Each structure stands twice: as C-alpha cells, then as structure tokens.
Amino acid sequence: MIRSLVVVPTHNEADNIGRLLNELRAVLPTTDVMVVDDASSDDTRRIVRDLAATDCALRLVERDAKHGLGDAYLHAFGIALAEKYDAVVQLDADLSHDPAMLPMMLDLADRGIALVIGSRYIPGGTVSGWPRRRTWLSRWGNRYVAIMLGLAINDATAGFRVYRTDTLGAIGLDGVQASGYGFQVEMAYRVVRSGLSVVEVPISFTDRVAGASKMGLPIVAEAFWLVTIWGIQDMVSLKRRRRAYRTVDEP
Ligand SMILES: Nc1nc2c(ncn2[C@@H]2O[C@H](COP(=O)(O)OP(=O)(O)OP(=O)(O)O)[C@@H](O)[C@H]2O)c(=O)[nH]1
Ligand SMILES: [Mg+2]
C-alpha cells in the first residue's frame with residue numbers, strides 16, 4: 001500500500017474531531033495522520049492530544065494564529081515532501097467527507113493518478129443538508145471555474161482529495177495565492193496545467209451538523225476574483241501564443 005499522510009486542518013472543531021479521527025482509524029488503522037490546528041480556542045487540541053497518547057501514528061501541529069485553510073495545507077505538504085511520503089490525503093474535520101472512501105481513492109493514487117478528487121458533481125455524487133442557496137453557489141461556482149479556466153473538472157472546489165507527493169513536487173508550491181476555496185481550485189489548475197492526471201470519484205457530501213462554518217463572503221470573493229484574473233490571463237496569453245504562431249507561420 002502507498003505510504004500516505006492524512007492531513008486534517010482544524011479551527012474550533014471540538015464537536016467533530018474525535019469522531020472523525022475514530023472513523024478514520026476504523027478504515028485506515030495505521031496510516032499516519034496529522035491534525036494542523038490553527039488557534040482553536042475550544043477543546044480541539046486536548047481531544048487530539050488525548051487520542052495521540054495511545055496512537056503513535058497521530059500527531060498534532062499547533063499554530064498560534066488562524067492562517068487559513070490553504071496555508072495549513074501548504075505547511076502539511078511541506079512536511080509530507082520532507083518526510084518522503086508517497087501521497088497526501090486532504091480531509092475536512094467536520095464529518096462532511098466520509099473516510100470510508102479513502103482506500104479506493106488511495107488505490108487510484110497508488111496506480112499513478114496525480115490527483116484524486118472526491119466529487120459531489122459527477123453521477124453518483126450527492127450533497128445533503130445544504131440550503132438551496134449554498135448548493136446553487138457551489139454548483140455555479142464550479143461551472144464558472146470550469147469555463148474561465150477551461151478545466152474539465154466538475155468539482156474543483158472540493159476539499160476531499162488525494163495528491164501523490166510527486167504531483168506536489170512537479171507543480172511546485174511557491175507563489176500559491178489563494179487561501180480559501182480558491183486554494184483547492186488553484187492546486188487543481190496547477191495539476192492540469194502540468195499535464196498530470198486528475199480523476200473524480202463520486203462522494204456523498206453531508207453538511208456539518210456540529211461546529212461553526214469558517215466559510216464566508218471574503219473566501220467566496222477571493223476565489224471569484226482570483227479565478228477571474230487567472231481566466232483573463234489565460235485568454236490574453238492564448239491570444240499572444242496564437243499571434244506568435246501566425247507570425248512564424250505566415251510568409
Ligand atoms: N488549520 C486551519 N483549518 C481551518 C481554517 N479554516 C478552516 N479550517 C478547517 O478546514 C475545514 C473546512 O472548513 P469549513 O468551515 O468546514 O469550511 P467548508 O467545509 O468550506 O464550509 P462548510 O460547508 O460551511 O462546512 C474544517 O476542518 C475547518 O476546521 C484555518 O484557517 N486553519
Ligand atoms: Mg465543511
């Protein structure tokens with residue numbers, strides 16, 4: 001089996017993290033797990049520490065400010081690369097992502113897929129518990145991403161993923177701009193632009209029932225703004241490339 005590191009970013013997830021880690025252990029009993037906690041003021045850290053006392057494959061990274069989801073993942077990716085893991089799993093702490101999908105997703109990574117995405121928006125994928133407004137925003141946000149960036153990915157904002165670490169090495173982690181949903185899009189965009197393989201597998205996504213969402217207008221605005229800029233940059237550089245081609249080609 002591929003040697004992987006499961007990364008769970010947390011900020012005030014005391015109502016969820018214990019159950020998530022237990023569910024994870026039921027599926028992947030010995031896989032290394034790293035919780036990256038940003039300044040939780042609730043019991044998140046104590047719960048993780050208590051579990052880590054009897055689980056030597058579980059570790060807690062404590063950061064003293066809330067730096068954003070993207071920054072937490074970049075920190076974890078750096079550790080995964082330095083410690084020479086073969087793959088990194090991304091998973092939210094709020095029980096929206098079912099760990100039972102992971103053996104299948106890891107198997108795809110093991111077979112060479114650069115990025116495996118747990119997707120809500122392919123046949124077989126579902127979303128439950130979200131108000132209509134939230135589903136609409138996510139669905140149309142993803143369509144906007146696909147059109148602007150020319151990505152053949154149905155759920156580019158999804159946070160349930162497996163990256164091969166050689167993928168992370170190939171796309172490079174310098175200069176990543178986004179920190180919220182935009183981070184997921186930016187990483188998928190880099191993978192596709194590097195000519196690497198992306199596979200989406202259908203998942204059943206469930207809205208969090210406990211704890212507070214960290215998603216807000218600034219995160220949506222950041223993603224929308226960055227995708228728009230990248231899309232425009234793409235169009236301009238495509239025109240430039242076409243112009244350059246014609247200049248060379250014409251007598
Ligand atoms: N380390 C770290 N984790 C974060 C930060 N912001 C959010 N998270 C975690 O990232 C995961 C996703 O955050 P959520 O609040 O569930 O965001 P979401 O899933 O996009 O939104 P909801 O659908 O409302 O749940 C959760 O495990 C959060 O605890 C952060 O700044 N730092
Ligand atoms: Mg969530």
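Every number for a ligand or one of its atoms is a count from 1 in the order of the listing. Quick caveat: nothing in here was measured; it's all calculated off a predicted structure.
For atom 2 (C) of ligand 1, the nearest protein heavy atom (residue, atom name, distance) is T10 O, 3.5 Å. Protein heavy atom at the shortest distance from atom 25 (O) of ligand 1 is D94 OD2, 3.1 Å. In this structure, the protein non-hydrogen atom closest to atom 30 (C) of ligand 1 is G68 C, 3.6 Å. Of all protein heavy atoms, the one closest to atom 15 (O) of ligand 1 is K214 N, 2.7 Å. Of the protein's non-hydrogen atoms, L69 CD1, 3.1 Å is the one closest to atom 10 (O) of ligand 1.
Residues F160 and F205 keep their aromatic ring centres 6.0 Å or farther apart.
S138 and Y181 form no side-chain donor-acceptor contact under 3.5 Å, judged by distance and modelled atom types alone. Donor-acceptor pairing under 3.5 Å is recorded for the side chains of D37 and T10. In this structure, a donor-acceptor pair under 3.5 Å is absent between the side chains of E186 and W230. Side-chain atoms of S179 and E222 form a donor-acceptor pair, as typed in the model, at a separation below 3.5 Å.
Ligand-side atoms of ligand 1 in range of E13: 26 (C), 27 (O), 28 (C), 29 (O), range being under 4.0 angstrom from any heavy atom. Of all the atoms in ligand 1, the ones that sit under 4.0 Å from a non-hydrogen atom of D38 are 1 (N), 2 (C), 30 (C), 31 (O), 32 (N). With ligand atoms numbered from 1 in the order given, ligand 1 contributes 18 (P), 20 (O), 21 (O) to contacts under 4.0 Å with heavy atoms of Y181.
Ligand 1 has no N or O atom lying under 3.5 Å from any N or O atom of A72, backbone or side chain. Considering both main-chain and side-chain atoms, F205 never comes within under 3.5 Å of ligand 1 through any nitrogen or oxygen pair. Looking at S213 next to ligand 1, an N or O pair under 3.5 Å apart turns up. For ligand 1, the polar-atom distance check finds no N/O of A212 at less than 3.5 Å from any of the ligand's N/O atoms.
Contacts with ligand 1 closer than 4.0 Å are made by side-chain heavy atoms of R134 only, the backbone lying farther away.
If you check each of D92, T206, L20, I17 against atom 12 (C) of ligand 1, the one with the closest non-hydrogen atom is D92. Within the set R208, H75, H11, the minimum heavy-atom distance to atom 13 (O) of ligand 1 is found for R208.
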Test side-chain hydrogen bond (donor to acceptor under 3.5 Å, both in side chains) applied to T157 and N142, step by step: CA-CA 7 Å; T157 59; N142 270 292; 3.0 Å; yes
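Minimum-distance N/O/S atom of D94 relative to the Mg ion (ligand 2): OD2.
At most 12 heavy atoms of other shown residues, nucleotides or ligands fall within 6.0 angstrom of atom CZ in R19.
At distances below 3.5 Å, at least one donor-acceptor pair connects side-chain atoms of N16 with backbone N or O atoms of A210. Under a 3.5 Å cut-off, the side chain of R25 and the backbone N or O of L28 do form a donor-acceptor pair.
The pair E62-R49 meets the salt-bridge criterion, with a side-chain N (NZ, NE, NH1 or NH2) lying under 4.0 Å from an Asp/Glu carboxylate O.
Taking backbone and side-chain atoms together, D92 has no N/O/S atom less than 2.8 Å away from the Mg ion (ligand 2).
Residue E13 comes nearest to K214 through the heavy atom pair OE2-NZ, 2.9 Å, listed as atom of the first residue, atom of the second, then distance.
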